[in-house]
Structure formats: C-alpha cells, structure tokens
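Below you'll find the structure, written out as structure tokens, and then a few comments.
Every chain is numbered from 1 and lettered A, B, ... according to where its sequence line falls, protein lines coming before strand lines.
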Amino acid sequence: MLTLKVITEETDDVIRRLAKKHFDGKQIIGEIIELDKKRRATQAELDNAKAEANNLAKQIGQLMKEGKKSEAEAAKAKTAEIKESTKKMDEDLKNFETEITNRLLVIPNLPNELVPEGNGADDNLVVKEGGPKPNLGPDALPHWELAKKYDIIDFDLGVKITGAGFPVYKGKGARLQRALIDFFLDNAREAGYLEIEPPYVVNQASGYGTGQLPDKEGQMYHCNVDDLYLIPTAEVPVTNIYRDVILNESELPVMNTAYSACFRREAGSYGKDVRGLNRLHQFDKVEIVRIDTPEHSYTSLQEMLDYVQTLVDKLELPWHILRLCGGDLSFTSAITYDFEVFSAAQKRWLEVSSVSNFETYQANRLKCRYRTADKKTQLCHTLNGSALALPRIVAALLENGQCEKGIRMPKALVPYTHFEYID
RNA sequence: GGUGAGGUGGGUGAGUGGCUGAAACCACCAGUUUGCUAAACUGACGUACGGGUAACCGUACCGGGGGUUCGAAUCCCCCCCUCACCGCCA
C-alpha cells in the first residue's frame with residue numbers, strides 16, 4: 001500500500017498519477033487526509049492525558065512510601081478520572097487508524113512516469129524485439145496436437161487424476177520440464193542470484209505481505225484444515241523472507257531465485273486462452289526477486305530485463321518486450337515489462353515473463369526496510385520477474401521447433417535435455 | 001495424536017508489581033592506541049506514532065488479544081507459535 005506520507009505530502013501528484021491507472025482517487029484521498037488530521041489531534045491529546053496519568057502513578061508510589069495516605073487517595077481519584085477520559089480517545093484513535101488503513105488498501109500503486117497511457121492490451125508499448133522468426137508450413141500443428149503426436153503431455157490423464165489444467169508430462173515431455181528448470185536455475189545462479197528452495201504452502205501473514213490477500217483470495221488454493229495457501233508463485237514465500245526485516249544498505253541489492261510449482265485457481269478463465277498449455281492450474285516457474293534501494297532499483301529492473309532477454313535468446317525464440325500501459329498494469333505494480341514469445345502455430349504471442357518494480361508499495365505492507373549509511377531506516381524497493389514460466393515456453397518450443405525429424409531443441413538446452421529431438 | 005518446557009532488543013540471556021525501554025555478555029558502528037592486522041580501551045547502539053525548524057520531548061511496544069491494579073515484561077484468562085520426548089509415517 002501507499003504510505004500516508006506520500007498521500008499527505010504530495011496529494012495532487014498522487015491523484016494525477018492514479019488517474020493513469022484509471023483510478024479516481026480524489027474522494028478517497030480527501031477522506032484519508034481528513035481522517036489523518038483527526039488521528040493526529042486525537043493522538044496528541046491522548047498522549048498528553050497518558051503522560052499525566054503516568055506522572056500521577058509515580059507520585060502515588062512515592063506518597064505511599066512516605067505514608068501520605070490521603071494525598072495518595074486524592075491522586076488515585078484523579079487518575080481514575082483521566083482513565084475514563086482516555087477510553088473514548090483510545091477507541092477513536094483505533095477507529096481512525098483502521099479507517100485509514102482500509103482506504104489505503106484499496107488504492108493501487110502509483111504508476112511510474114514511463115508507463116504509457118492506455119486502457120488495455122492494445123495500448124501496451126513494444127519497446128524491444130528479437131529472436132529468429134520461424135518459417136513454418138501451413139500444416140504446422142499447435143502444441144496440444146504435437147503433445148499428443150509424440151505422447152509427451154497427456155491432458156486427459158490429468159483430468160482423470162485431478163481435473164482440467166493439471167497435465168501429465170511423460171517421457172521426453174517430463175524430461176524437458178526438468179531440463180528447463182535446471183537450465184533457468186543455473187543461468188540465474190551464474191547471473192548472481194542466490195538459489196532458494198521455499199515452501200509451496202504459506203500462511204495468511206505471507207499472503208497479506210505480498211498482497212495476494214485480501215483481494216485475490218479466490219485465486220489461491222486454500223487448505224481449510226490448516227488455514228494455509230498453495231503458492232501462486234515463488235514470489236510469495238521468497239519475498240516474505242524479508243517481511244519485518246531491516247536490511248543493511250551494504251546487503252542490497254538482495255538477489256534471489258527460486259523454482260517452484262505454482263498453483264492458481266484461474267477462476268473465470270475460458271476459451272482458447274486456456275487451451276493446451278496456455279493456462280494451467282499447476283505449472284512450473286523459476287522466479288527472480290530483488291530487494292533494493294530506491295536509488296538503484298531502476299538499474300536493477302533493467303538488469304533483470306537484460307537477464308530475461310538472454311534466456312529467450314538462448315532458447316532461440318522470437319520475443320518482444322512490452323511496457324504495460326496504465327490500464328493493463330497490475331494493482332501493486334509501479335511499472336511492468338512483459339516478455340512474450342511468438343507461438344508460430346497458434347499465431348499469437350504468449351506471455352512468458354512479467355518483470356515489475358513495486359517500488360515501496362509491497363515493502364510498506366511487508367515492513368521491509370533498510371538502514372542507510374547514516375542510520376536512518378527507509379522502505380526498500382521490491383522487484384520480481386519470471387525467469388521463466390515453463391508452460392508457454394514449452395508451447396513455443398514445441399510449435400516453433402517442429403520439423404521433419406521431430407521437434408528440435410535449442411542448442412543451449414541440449415546439455416540439459418540430453419536429447420536433440422523429440423521424436 | 002499424547003506429554004512436558006518455553007516465547008524478552010541483531011544474538012545469548014537476566015529480570016516475578018513502581019528504581020526497567022529493559023542488566024550482563026556477544027555482534028555491529030564510531031573513535032583512541034598500533035608499522036599493518038589482531039588485541040585492548042572509550043563511546044554510541046531497538047521500532048513505530050505524535051509534537052518541534054532543530055536540539056529534544058511525549059506515547060506505545062518484552063509472541064498476539066483481553067483483564068486485575070493508582071502503576072504490569074512481571075499477576076489472571078483466551079489464542080498463536082516454537083522446542084523436547086513418546087506414538088505414527090516418509
């Protein structure tokens with residue numbers, strides 16, 4: 001969530017920037033500022049009353065020691081009075097605070113100035129592209145048919161065991177999954193990221209920390225008996241490592257990578273978007289996470305983009321990078337770049353990575369801070385990105401790699417798959 | 001699942017009603033000494049909110065919530081978590 005400070009000190013600017021996300025913040029921010037004024041006044045009054053009561057309590061102790069009973073009794077009566085008066089102030093203060101927080105929670109992050117205006121996917125800006133364009137014949141098959149032809153991914157079997165969206169990978173299909181995970185983790189490690197193996201199930205506090213709760217509760221699988229959530233991405237457990245932590249500036253940027261299975265209910269999805277590997281309830285992903293100073297976070301973001309680009313390049317896939325417009329930007333993000341690869345047989349772009357800077361938005365809820373050289377504590381910036389999500393990469397590898405001999409694997413991957421063709 | 005022990009600052013750990021926002025030790029930071037390093041010595045050293053240009057002052061916080069009391073880390077109640085042993089299982 002946004003900090004109270006930015007709202008009270010840069011009110012007009014905040015309202016202006018929120019408009020780019022198509023969020024009209026004028027009223028709610030006015031309310032917050034009013035509530036904050038009342039909150040401050042109440043606290044000042046309450047603190048004074050409590051200070052007086054504390055003083056009296058000390059005096060009573062002294063008077064008792066000296067045997068001045070009647071004076072002590074008089075002081076006691078006075079503290080009782082004060083206590084009565086603080087009751088209401090205490091309640092008011094709590095109310096003001098929760099009212100303010102409730103409002104802060106529904107205000108999205110401020111978009112960075114670089115974020116283009118726009119309503120939806122069509123307004124996203126292509127900032128860079130590359131990779132070899134495949135030349136497939138008219139008889140090129142979509143990946144779900146290739147999966148069947150080579151018997152490497154069985155969607156029906158997944159339906160039998162679990163349900164739609166839980167495919168079963170077999171033979172070279174399964175080996176390709178394992179190879180990609182290994183390939184991504186090795187690359188991340190060589191780029192300086194510390195490998196983490198996190199829990200795949202998290203508690204409520206972690207869900208709130210990264211912002212999946214309360215708003216996206218319906219998107220996560222929930223274990224009722226233990227009140228735990230299956231993670232939708234490794235971002236959740238990895239970022240929560242730094243919840244309630246004060247880092248030293250010298251430790252930044254923190255660079256972590258983690259593989260995990262990811263679980264998403266994807267409530268409300270339908271149609272061709274969910275065909276084959278395009279959208280699953282369980283999938284594999286390697287994530288990169290950074291915690292950084294505000295001064296350096298945009299350098300970090302660029303390094304993350306450059307890094308992800310090396311992955312799609314090594315996989316010999318045609319790619320482009322989109323800078324998401326205000327309307328397409330997620331609630332918590334200040335700026336997001338999506339990597340898409342071209343799926344030649346489906347003739348459409350598939351999102352395989354989303355790299356974002358959340359600035360202090362996530363850190364504020366996480367209470368992830370750092371100590372500057374001059375000993376001040378400040379909120380960190382948090383960033384994350386997929387590097388990469390497997391299913392759509394597999395879809396693109398299958399479709400773009402199809403040839404007479406089967407499906408050709410990119411050179412960089414062969415040391416991991418130990419085979420050159422799926423045939 | 002059963003039984004027991006325990007949750008105090010970055011760490012270890014003292015503290016059973018006022019002198020405690022919290023001893024001591026360790027770590028970290030600054031300085032002195034030193035040819036360098038080490039050692040030794042000196043000092044500083046929690047977080048949040050509120051007030052103030054600032055120095056600084058006030059309030060709250062000893063797992064969380066409630067209660068008793070003029071006054072609670074300390075007493076009472078509820079909850080959460082961790083550890084140990086046993087059982088069960090991988």
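On the P atoms, B:G63 is 13 Å away from B:G10, given to the nearest whole Å. Across B:C26 and B:C45, the matching C1' atoms stand 13 Å from one another, rounded to whole Å. Look at the P atom in both B:U8 and B:C83: the space between them is 14 Å, to the nearest Å. Nucleotides B:C78 and B:C61 are separated by 22 Å at their P atoms, to the nearest Å. As rounded to the nearest Å, B:U74 and B:G65 have P atoms that lie 13 Å from one another. A gap of 10 Å separates the P atoms of B:G46 and B:A23, to the nearest Å. Going from the P atom of B:C19 to that of B:A73 covers 10 Å, rounded to whole Å. Separating the C1' atom of B:U32 from that of B:A38 is a span of 16 Å, rounded to the nearest Å.
Side-chain contact of A:Thr372 with A:Glu249: a donor-acceptor pair under 3.5 Å is absent, judged by distance alone. Between the side chains of A:Tyr307 and A:Asn187, no donor-acceptor pair of N or O atoms lies under 3.5 Å. No side-chain N or O of A:Thr3 forms a donor-acceptor pair with one of A:Asn364 less than 3.5 Å apart.
Nearest-nucleotide assignment on RNA chain B puts the 5′-proximal partner with A:Arg39, out of A:Arg39 and A:Lys76. Between A:Leu4 and A:Ile60, the residue anchored closer to the 5' end of RNA chain B is A:Leu4, taking for each the nucleotide with the nearest heavy atom.
The side-chain heavy atoms of A:Leu322 and A:Glu351, taken from C-beta on, include no pair separated by under 4.5 Å.
Taking atom CG on A:Leu46 and atom P on B:G51, their separation rounds to 13 Å, with Å as the unit. Atom CZ in A:Arg371 sits roughly 11 Å away from atom C1' in B:G9 (whole-Å rounding). Whole-Å rounding puts the A:Asn48 CG to B:A60 P distance at 12 Å. Whole-Å rounding puts the A:Gln59 CD to B:G18 P distance at 18 Å. Remark: C1' of B:U59 and CD of A:Glu97 are 12 Å apart, rounded to the nearest angstrom. At whole-Å resolution of the value, CG in A:Asn55 and P in B:C57 are 14 Å apart. In this structure, the CG atom of A:Leu63 is 17 Å from the P atom of B:G18, given to the nearest Å. Atom pair A:Leu379:CG and B:U47:P shows a separation of 14 Å (rounding to whole Å applied).
Of the charged side-chain nitrogens involved, at least one lies within less than 4.0 Å of a carboxylate oxygen, so that A:Arg103 and A:Glu31 count as a salt-bridged pair. Between A:Asp186 and A:Arg189 there is a salt bridge, with a side-chain nitrogen of the basic residue lying less than 4.0 Å from a carboxylate oxygen of the acidic one. Checked for salt-bridge contact, A:Lys37 and A:Glu34 meet the test: a charged N lies under 4.0 Å from a carboxylate O. Under the 4.0 Å criterion applied to side-chain N and carboxylate O atoms, A:Asp92 and A:Lys38 are not assigned as salt-bridge partners.
Contact annotation for A:Ala75: no contact, since no heavy-atom pair falls under 4.0 Å across all strands. Among the heavy atoms of the strands lying under 4.0 Å from A:Asn54 are primed sugar atoms or P, OP1, OP2 only; no base atom is included.
Using modelled atom types, one side-chain atom of A:Arg323 and one backbone atom of A:Leu114 make a donor-acceptor pair closer than 3.5 Å.
Side-chain nitrogen and oxygen atoms of A:Thr377 include none within less than 4.0 Å of the OP1 or OP2 phosphate oxygen of B:G46. OP1 or OP2 of B:G51 has at least one side-chain nitrogen or oxygen of A:Arg40 nearer than 4.0 Å. Applying the 4.0 Å criterion to OP1 and OP2 of B:U69, one finds that A:Lys83 has every side-chain N and O outside that range.
Screening A:Asp338, A:Thr336, A:Asn109, A:Asn384 for a side chain to side chain donor-acceptor pair (under 3.5 Å) with A:Ser356, the sole residue that qualifies is A:Thr336.
With B:G58, B:G71, B:U47 as the choices, the nucleotide that has an atom nearest any side-chain atom of A:Arg369 turns out to be B:U47. Of the candidate nucleotides B:A48, B:G50, B:G58, B:G50 has the atom lying nearest to any side-chain atom of A:Ala44.
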- Item | Strand RNA chain B as a dot-bracket string - pairs counted if Watson-Crick or G-U with both distances under 3.5 Å, | where the partner lies in another strand | ((((((((.[[[..)..(.....]]]..((((.......))))..((((((....)))))).[[[[[..)....]]]]])))))))....
Side-chain donor-acceptor contacts of residues 47-58 of chain A below 3.5 Å, not counting sequence neighbours, with atom names and distances?
from	atom 1	to	atom 2	distance (Å)
A:Asp47	OD2	A:Gln43	NE2	3.3
A:Asn48	ND2	A:Ala44	O	3.3

What are the atom names and distances for every N/O pair under 3.5 Å that joins the protein to nucleotides 65-67 of chain B?
none

